Amino acid sequence: MLCALAAIPILIAVAVRLSSSVPPGRGPAFLDRITQNGLFVGVTAMLVSVPLFLPLTVGVVAGDTVAGEAGLGTLRYLLVAPAGRVRLLLVKYAGAVAFAVAAPLVVALVGAGIGAALFPVGPVTLLSGDSIGAAEALQRLLLIAAYLAVSLMGLSAIGLFMSTLTDVPVGAMASTVVLSVVSQVLDALPQLEWLHPWLFSHYWLDFADLLRQPIAWESFLTNALLQGGYVAVFGALAYGRFVTKDVLS
Amino acid sequence: MTAAVPATELSIETTGLSKRFGHQLAVDGVDLAVPKGSVFGFLGPNGSGKTTTIRLMLGLAVPTGGSVRLLGEDMPRQLHGVLPRVGALVEGPAFYPFLSGAANLHRFDAADPHVPAATRKARVRSALERVGLTHAADKKVRAYSLGMKQRLGIANALLAPRDLLILDEPTNGLDPQGTREVRSLVRSLAADGATVFVSSHLLAEVEQICTHAAIMSAGRLVAQGTLEELRQGGQARIRVVTPDAGTAAEVLSRLGLSAATSPGGAAPGGGGVLYAPLPGAAGNGEAAPEAVVAALVAAGVRVRGFAIEQVSLEDRFVALTGEGFDVVQ
Amino acid sequence: MTRTWLRWMPAAVVPAVIAAGVLSGSLPASAGDPLPEKTPRQVLLMVAQHGEKSLSGTLEQTSQMGLPELPKAGAGSPETAWLELLTGPHTARVYLDGPEKARVQIMDRMAERNAVRNGDELWFYNSKDNTAAHAQLPADADGRHEARPGTATTPEELADKLLAKLDASTEVTVGTDVQVAGRSAYNLLLTPTSDATLVDSVAIAVDGETGLPLGVEVKARGQAEPAFSVAYTSLTLEAPDAAIFNFTPPPGATVEEIPVPDHKAAAALPPSDAAAAKAGKRPTVTGTGWASVLEFPAGAVALPGKAQGGAPDPATANPLRPGTSDPEGTRTVAAALLEQAAVAVPGGRLVSTSLVNVLILNDGRVLAGSVPLERLQAAATPR
């Protein structure tokens, strides 16, 4: 799955390399900057993966956590080992979180790597028009990856809860991914503006705030707080469900 | 039926254990008493609630009513203290198909925080050796046969020294050779002092390796005790083959024996088959079997055959469960 | 069974705790010490005398004008830029250090528009298409930092402008204290005495400590939500890092040099309207105070094709994209918006918002004002 994610920046870089020129202002943001600076491959790839690829892979991993074990039947053996239900749940969530951290990191680093290989690397122009050196740009890239990792915490917790509801991993995965899509659709409806700040996907694209000078940390903090809320709520739901669940698979 | 055994001597004790799924009562007021050191056969047709009872014992499911004590401790309250001393095979083996047999055991062993990680490798190796899977330890489980998976499941139950082994259908899917191996394995475990609780729908298996047994039917426990006690619970009977079934029945009832014609109908060579409780047993008249034959002959009944039949555990089982029974092997 | 319920407790408690936290957080932060009472005049004086010239803060602007929302990110043309600012919410960061140094960053999604003034240097930058514009202010441009093209109207500027207009047409009161950006503030309420205007009230939040205007809220008649509001969400009254005001255009950016027009002309009118002024096509004003109606003679507002018009407030027109190269092409978005927003009325077409009505007559004249349609029509009929 990480390999599939790694393919995204590679595809972008190769496509941009092969095409003659990208007119500015067309396509995803930053796409036109790639030819000038390879580091933007990482940023563009992350931007492209935020709406679907990252939630998709995280949904698959998080949805598989408990339901996957139940589906294989190994859940009962883990429980009689005895792994302890709370401990198992925590370990499983930690696994999902580890993936949520690794996924944007892979996209960012592979993107920066392939970008450096195919395009020149130099000072990076931020959204504010200021330029920073390549080393600091790499830092920002990692910061964005961290931002996205935090952004995916809530979805991971939702996936974990979904996973405790069913013994069919595909069901948990699908419902998690569908929820992320629904959240983004709701976020796009201006009629539901009151709801938007409460949607876990609301701040996903605000990682651009890390490309401003000075960095606008507000969205990072707000996002972290929101994701923390989702983790608390769905973590508690997953706990309630899993600890009282009859394991019959 | 059960000999009174002090509670501390029981490895498994359930009291009024019940589990309801929706409107269906899967387990209904089961009072099991598994003495320490016994090899306990848990018999019942498919769907009689055996596996659900085992799940309740192991804390996988929460009872709707009643309580479970494992090794003298309350379940599921003391789950973390008890389960490390219990090895289990529940409803067939289950593994990660993409991992090797040894890696699967490593993973399950790592799930138990109570066992030392340092000895993990050695314990996995000896468990695999004990079930004869050493040669396939590094093969992916995907490539295992059903019998090999079954052995690996048993190996998983043997990863640590256990005081109690709960094995659900341990010989399922094994060839006759494998079945024999499992039997000797169970005997050796019992010889080491562990209590072995084996569920099965195969009577022969239970008769061969168990000291005690219990019989489940439709969620209820219908009998339990030592094999001897169970066999005695059913009485021996006499079987009379005669063309004069009517007269014979009269004679038998005069002797205080309530006769019944066989549902099988006619015996070979014509005539009916009559069954009656064995005389001499409590409350069945005083006549000895040979006196019964004499009385029949004196009454002019043409006796073509007479026998005393010991009730087999199988008959007992059929009588108790009212169901057909899978008597392979 | 009680154990089961116990285990679901966290799932019930956590949302409750979060809800409680959110509710208590959204309540006014229990205004510790109420501000000493002041008359409107005293508050106005505070504003007039406030000396806070160094600050960094974040501004939130929202509009509920009844216009369709435009795509964000400063897309399209300079002509739509001001329209875009009137619709939908915006966030901008403001940095001020004395009158000579200022930077405004309008934070669009995945993009940013910047206006930087550092002494005589004036820079505009739009990250969307990586274009920059530069102007060298004449040396005598003294402390007029209001001349900074004002897309991001700071509360300070807006309040100053409104206060200057105060006259008999307005009732000025001080409402109950408000909390803005975590600071206690006086709430200066301006209520038009005339019924003829669409404006219901204007509320200016004035920092109780320094007199710095912290926010402006304009309410329209018959609308509960403010039609327009701009306020600080965070504010630090310290000089920002000097590096913030150092701007050099990024490599690869298209840089355009803006010739700075004669100082007096520039002060009177922004460049785009200078031509109209020269041709003697300046708007005439009828009515007074809140109910003023601006009338642009035919041709004063360029109307390509049939669908044209809109009378940009000179203060907000053409913010960060001076020197357009393709006026015809870039006007199409505005035209499309106009098509969408305008409704036919007797004698012409009307663009109606909750605060401003614009009447485009069939003869080409354009009338605009914070008044109902009838008054625009009345003003249109020759006396």
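First the proteins, then the strands, lettered A, B, ... as listed; each starts at 1. Everything numeric here is computed off the predicted structure, so don't read it as measured data.
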With B:R142 as the cation and B:F98 as the aromatic partner, state whether NZ or CZ is under 6.0 Å from the six-membered ring centre and within 45° of the axis. no

Which residue out of A:L75, A:T244, A:V247 racks up the most heavy-atom pairs below 4.5 Å with chain B? A:V247

My understanding is that only one of B:V68, B:I12, B:T14 makes a side chain to side chain contact (heavy atoms under 4.5 Å, CB included) with B:M75; could you say which? B:V68

Heaviest contributor of heavy-atom pairs below 4.5 Å to chain A, chosen from B:G92, B:P97, B:A88, is B:G92

Partner chain B: residue of A:R87, A:K245, A:R85 with the largest heavy-atom pair count (under 4.5 Å): A:R87

Going through the distances and angles, do B:S67 and B:D74 end up as a side-chain hydrogen bond (donor to acceptor under 3.5 Å, both in side chains)? CA-CA 8 Å; B:S67 65; B:D74 267 338; 5.5 Å; no

Which one of B:D168, B:T51, B:T53 satisfies the side chain to side chain donor-acceptor pair (under 3.5 Å) criterion with B:S199? B:D168

Which of the residues B:G87, B:P93, B:G59 is involved in the greatest number of heavy-atom pairs with chain A at under 4.5 angstrom? B:P93

Would B:S11 and B:D163 count as having a side-chain donor-acceptor pair, cut-off 3.5 Å? no

Please rank B:G153, B:P113, B:A160, B:A157 by heavy-atom pairs under 4.5 Å with chain A and give me the top one. B:P113

Going by heavy atoms in the side chains, are B:Q78 and B:L70 under 4.5 Å from each other? no

Quick check for you: among B:Y96, B:F95, B:F21, which has the greatest number of heavy-atom pairs under 4.5 Å with chain A? B:Y96

Using a cut-off of under 4.5 Å for heavy-atom pairs, which of B:L89, B:T52, B:N104 has the most such pairs with chain A? B:L89

